[in-house]
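What you see is a predicted model, and the numbers here were worked out from it, not measured in a lab. Order of the sequence lines sets the chain letters (A, B, ...), proteins ahead of strands, with each chain counted from 1.
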Number of protein chains: 2
Amino acid sequence: MKRPELSPVPDPAADQINDATLRLSVGYHMKRAFNVVQADLVATLKPFDLRMLTYTALVLIVDNPGLSQSQLAAAMDIERPNLVVLMDELERRALINRDRVPTDRRAYALTATLAGRRLYEKATAAVAVHEKRLLSGIDEATRTAVIAALHSIEIGQTGEG
Amino acid sequence: MKRPELSPVPDPAADQINDATLRLSVGYHMKRAFNVVQADLVATLKPFDLRMLTYTALVLIVDNPGLSQSQLAAAMDIERPNLVVLMDELERRALINRDRVPTDRRAYALTATLAGRRLYEKATAAVAVHEKRLLSGIDEATRTAVIAALHSIEIGQTGEG
DNA sequence: CAATAATAGTTATACAGCATAACTTTATTT
DNA sequence: AAATAAAGTTATGCTGTATAACTATTATTG
């Protein structure tokens with residue numbers, strides 16, 4: 001506002017916005033960084049017609065054959081009703097099977113089809129490549145430390161005391 | 001109740017789900033960690049009737065008085081139409097003012113009211129306290145490294161080559 | 001064993017976050 | 001002056017997430 005027209009820049013605070021207060025928050029940093037990572041992941045998975053949620057579900061089913069929808073929902077930290085539509089989609093695309101559990105006819109045993117496993121392989125390889133590029137500016141030691149820190153935040157050692 | 005090994009557990013992956021493949025992805029770690037942080041932030045801001053978006057907007061307006069909605073939307077990395085409803089809410093609650101810019105009658109100059117600045121102070125203090133607890137298990141050096149790494153990911157030095 | 005409670009999956013629904021198109025009003029450009 | 005661009009707005013749709021209520025089945029228990 002008080003910038004005289006000495007500088008060729010037309011507007012003062014136009015492009016330089018002060019977010020120093022927000023930068024004090026780790027949540028702010030995480031949100032901004034995660035936005036970038038998520039955008040990259042979404043773009044990476046798009047050629048495979050997968051979103052983060054469908055990819056995550058597919059991977060967990062391939063790696064944990066036979067698990068139930070409830071278990072999967074718990075693992076993915078989403079509500080059961082929301083998982084149903086994910087399974088509907090993966091099943092419709094013949095990437096997974098919903099087999100009835102003989103010992104508990106309420107539950108489904110989720111397994112990946114051959115097509116599902118193939119898609120898993122391709123998508124996982126693509127994700128690895130893209131993530132490698134995303135982290136190319138961070139050395140291995142730091143990368144490990146970041147992963148560990150993120151995990152420690154996730155675990156949440158903030159006792160109630 | 002711990003299950004003794006008298007019986008071969010019918011379902012092996014019952015409570016222990018293997019997410020090793022996903023753990024190779026930083027995005028997965030970030031999402032899970034961010035979920036925790038976000039939940040904490042949401043809970044922290046709830047007493048002030050603020051969400052992450054409204055809090056972020058309020059802070060940026062207080063710290064950058066006079067900025068326009070377009071500038072704010074750019075700073076927050078959200079679309080202008082979505083910012084409108086945020087400003088509607090903050091204005092309705094008399095936390096900010098939308099003053100017409102004399103030199104450009106299309107734009108609004110956003111400023112915080114006294115109530116807005118007071119809420120900013122209280123909310124920011126609360127956020128700081130909660131984040132401190134959230135990061136209590138991480139030493140200062142690691143914390144700095146994590147922030148730096150997150151920022152470097154955000155900036156995205158991944159060239160197009 | 002029958003009544004009850006709990007669990008797995010489902011449907012319907014609602015809300016927040018994010019994106020795009022199209023519009024009005026005002027500024028800028030040509 | 002006409003065309004173009006920018007700021008803000010409205011309408012709309014899609015994704016992700018959450019809850020209530022329902023069914024079918026299993027587990028509990030009195």
Side-chain angles (χ1 to χ4, degrees), chain A residues 10-11 13-15 27 31-32 34-36 38-39 41-43 45-46 49-57 61 66-92 96-110, chain B residues 1 10-11 14-15 27 31-32 34-36 38-39 41-43 45-46 49-57 61 66-92 96-110:
Chain A
D11 193 298
D15 45 358
K31 177 162 175 52
R32 294 193 75 100
F34 180 61
N35 278 350
V36 172
Q38 183 176 238
L41 271 179
V42 166
L45 294 173
K46 192 163 197 178
D49 240 306
L50 290 171
R51 286 162 295 148
M52 284 188 61
L53 283 173
T54 48
Y55 172 69
T56 302
I61 292 170
L67 89 171
S68 71
Q69 291 188 185
S70 289
Q71 290 173 324
L72 181 53
M76 291 178 65
D77 252 318
I78 68 178
E79 298 302 314
R80 265 108 46 199
N82 299 323
L83 189 78
V84 172
V85 298
L86 291 182
M87 295 304 97
D88 287 348
E89 181 182 338
L90 293 182
E91 189 186 35
R92 183 182 46 75
I96 66 158
N97 289 320
R98 284 203 258 214
D99 300 319
R100 280 292 178 193
V101 176
T103 61
D104 186 343
R105 286 178 7 223
R106 293 170 300 182
Y108 284 129
L110 303 171
Chain B
M1 198 68 91
D11 192 334
D15 45 359
K31 176 161 177 57
R32 295 192 75 98
F34 180 61
N35 278 351
V36 172
Q38 182 175 239
L41 270 179
V42 166
L45 294 173
K46 192 163 197 179
D49 241 305
L50 290 170
R51 287 161 296 150
M52 284 189 62
L53 284 174
T54 49
Y55 172 69
T56 302
I61 292 170
L67 90 170
S68 71
Q69 291 189 184
S70 289
Q71 289 173 324
L72 181 53
M76 291 178 65
D77 252 317
I78 67 178
E79 298 303 315
R80 266 108 41 194
N82 299 323
L83 189 78
V84 172
V85 298
L86 290 182
M87 296 303 98
D88 286 348
E89 180 182 338
L90 293 182
E91 189 186 36
R92 183 180 48 74
I96 66 157
N97 289 320
R98 285 203 256 214
D99 301 318
R100 279 292 176 194
V101 175
T103 62
D104 187 343
R105 294 192 348 236
R106 292 171 300 181
Y108 285 129
L110 302 172

Could you give the [atom1]-to-[atom2] distance, from [X] to [N], as a whole number of Å?
X: B:R106; N: C:dT24; atom1: CZ; atom2: C1'; result: 12 Å
X: B:K46; N: C:dC15; atom1: NZ; atom2: C1'; result: 13 Å
X: A:N35; N: D:dG16; atom1: CG; atom2: C1'; result: 14 Å
X: A:E79; N: D:dA20; atom1: CD; atom2: P; result: 11 Å
X: A:N82; N: D:dT15; atom1: CG; atom2: C1'; result: 11 Å
X: A:I78; N: C:dG9; atom1: CD1; atom2: P; result: 12 Å
X: B:M87; N: D:dG8; atom1: CE; atom2: C1'; result: 12 Å
X: B:F34; N: D:dG16; atom1: CZ; atom2: P; result: 15 Å

Counting just side-chain N and O atoms, does [X] come under 4.0 Å of either OP1 or OP2 of [N]?
X: A:S70; N: C:dG9; value: yes
X: A:K31; N: C:dC18; value: yes
X: A:Q69; N: C:dT10; value: yes
X: A:R98; N: C:dA8; value: no
X: B:R105; N: C:dT26; value: yes

>> Both A:R80 and A:V101 contact DNA chain D. Which one's nearest nucleotide lies toward the 5' end?
In response: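 Its nucleotide being nearer the 5' end, the pick is A:R80.
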> Of A:P81 and A:R51, whose closest DNA chain D nucleotide lies nearer the 5' terminus?
Replying inline: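 Its nearest nucleotide being more 5', the pick is A:R51.
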> Got a sec: does the CZ of B:R80 have more than 12 other heavy atoms crowding it under 6.0 Å?
Replying inline: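 Atom CZ in B:R80 is not packed in, count stays at 12 or less.
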> Side chains of B:L72 and B:L86: does their closest heavy-atom pair fall under 4.5 Å?
Replying inline: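 No, side chains not in contact.
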>> I'd like to check B:R98 versus B:L90 (side-chain heavy atoms, cut-off strictly below 4.5 Å). Are they in contact?
In response: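 In short, these two side chains do not touch, never coming nearer than 4.5 Å.
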> How do A:Y108 and B:T103 order along DNA chain C: which one's closest nucleotide is nearer the 5' end?
Replying inline: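 Closest to the 5' end, via its nearest nucleotide, is A:Y108.
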> Looking at A:T56, A:N97, A:L67, which hits side-chain contact (heavy atoms from CB on, under 4.5 Å) with A:I61?
Replying inline: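 Only one option passes, and that is A:L67.
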> Between A:L45 and A:Y55, what is the shortest heavy-atom contact and its length?
Replying inline: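 Of all heavy-atom pairs spanning A:L45 and A:Y55, the closest is CD1-CB, 3.7 Å.
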>> By the 4.0 Å heavy-atom rule, please label B:L53 as base, sugar-phosphate, or nothing.
In response: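 It contacts sugar-phosphate atoms only.
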